[in-house]
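Data block below; observations after.
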Amino acid sequence: MNLNGIKLTWLGHATFRIQTPKRKTVLIDPWVMGNPACPDSEKNVSSLDTMLITHGHGDHIGDAVEIAKKHNPKIVGIPELCGWLSKKGVQNLAEMNKGGTQQVEDIKVTMVHADHSCGILDGDTLVYGGEACGYVIEFENGVKIYHAGDTNVFGDMAIIRDLYAPQIAMLPIGDHYTMSPREAAYACNLLKPQTVVPMHFATFPVLTGRPSELAKLVKGIEVYEMKPGQTAS
Ligand code: NI
Ligand code: MN
């Protein structure tokens, strides 16, 4: 994986921490304290500049409010989700919608489609959270990373390839709630990244897909299997 000065740490499930070339810290899908896959040493977020949220399911926003209030990062999300965060007292929201791009600190963030549901469980009430999404993040060193969020494969991944050409794709492969390795391999054929980083597997018993299965199904694409807590640079 060619990161050219970026540090990428997988915190388990769909949660990633990225250190940009300017040493800003980005957290995607903040679920650490309650995340059984997150190593204990990583459960305390020490600093944060930017938070990206793909959708409002608990395994993606579980610690968003607490971390946001502690570190006051810029927070990127779809408007309905940002509206809910605002009601919880969270500030510094940079809402956007699909197809849009905005500069946040030293990264360019594009919100793209995801084929998934989204409701926020707030106490015993289910709140509409807007649609689920993915992100393409462009760094100042030219690296582009696509975090697909929770999704099935969809044909418009070919548009993500044509418009943004991310070199690295973080794809869910766990099955049951998202793609399995079979659909993820099809997604790889549409996206044509250099490297795919599998995520959203093994956290719970039903998430049965494994990187080795994906590796058997793709040709000419590096399947970069990370361990929770591992940093690639
Ligand atoms: Ni989900
Ligand atoms: Mn999920």
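Numbering of ligands and ligand atoms starts at 1, following listing order. The structure presented is a predicted model; accordingly, all values stated were derived computationally and were not measured. We're numbering straight along the sequence, starting at 1.
- Between the Mn ion (ligand 2) and the N, O or S atoms of Asp150, the shortest distance is to OD2.
- Inspection of the environment of the Ni ion (ligand 1) yields the following protein N, O or S atoms under 2.8 Å: His55 NE2, His57 ND1, His116 NE2, Asp150 OD2.
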Test side chain to side chain contact (heavy atoms under 4.5 Å, CB included) on Leu3 and Phe139 and set out the steps.
CA-CA 10 Å; Leu3 287 164; Phe139 297 85; over 6 Å; no

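- Using a cutoff of 4.0 Å between basic side-chain nitrogens and carboxylate oxygens, Lys88 and Asp122 are scored as salt-bridged.
- Side-chain rings of His176 and His200 stay apart, their centers remaining 6.0 Å or farther from each other.
- At least one N/O/S atom of His60, whether from backbone or side chain, sits less than 2.8 Å from the Mn ion (ligand 2).
- Side-chain contact annotation: His13 with Thr203, donor-acceptor N/O pair under 3.5 Å present.
- Within the coordination shell of the Mn ion (ligand 2), defined by N, O or S atoms under 2.8 Å, His116 is absent.
- In terms of heavy-atom proximity, Ala184 sits nearest to Ile173 at CB-CG2, 3.8 Å.
- The atom name of the N/O/S atom in Asp59 closest to the Mn ion (ligand 2) is OD2.
- Between Arg17 and Glu42, at least one side-chain N (NZ, or NE/NH1/NH2) sits under 4.0 Å from a carboxylate O, which counts as a salt bridge.
- Aromatic pair Trp31/Phe16: centroids not less than 6.0 angstrom apart.
- Residue-environment remark: CD (Glu105) exceeds the threshold of 12 foreign heavy atoms within 6.0 Å.
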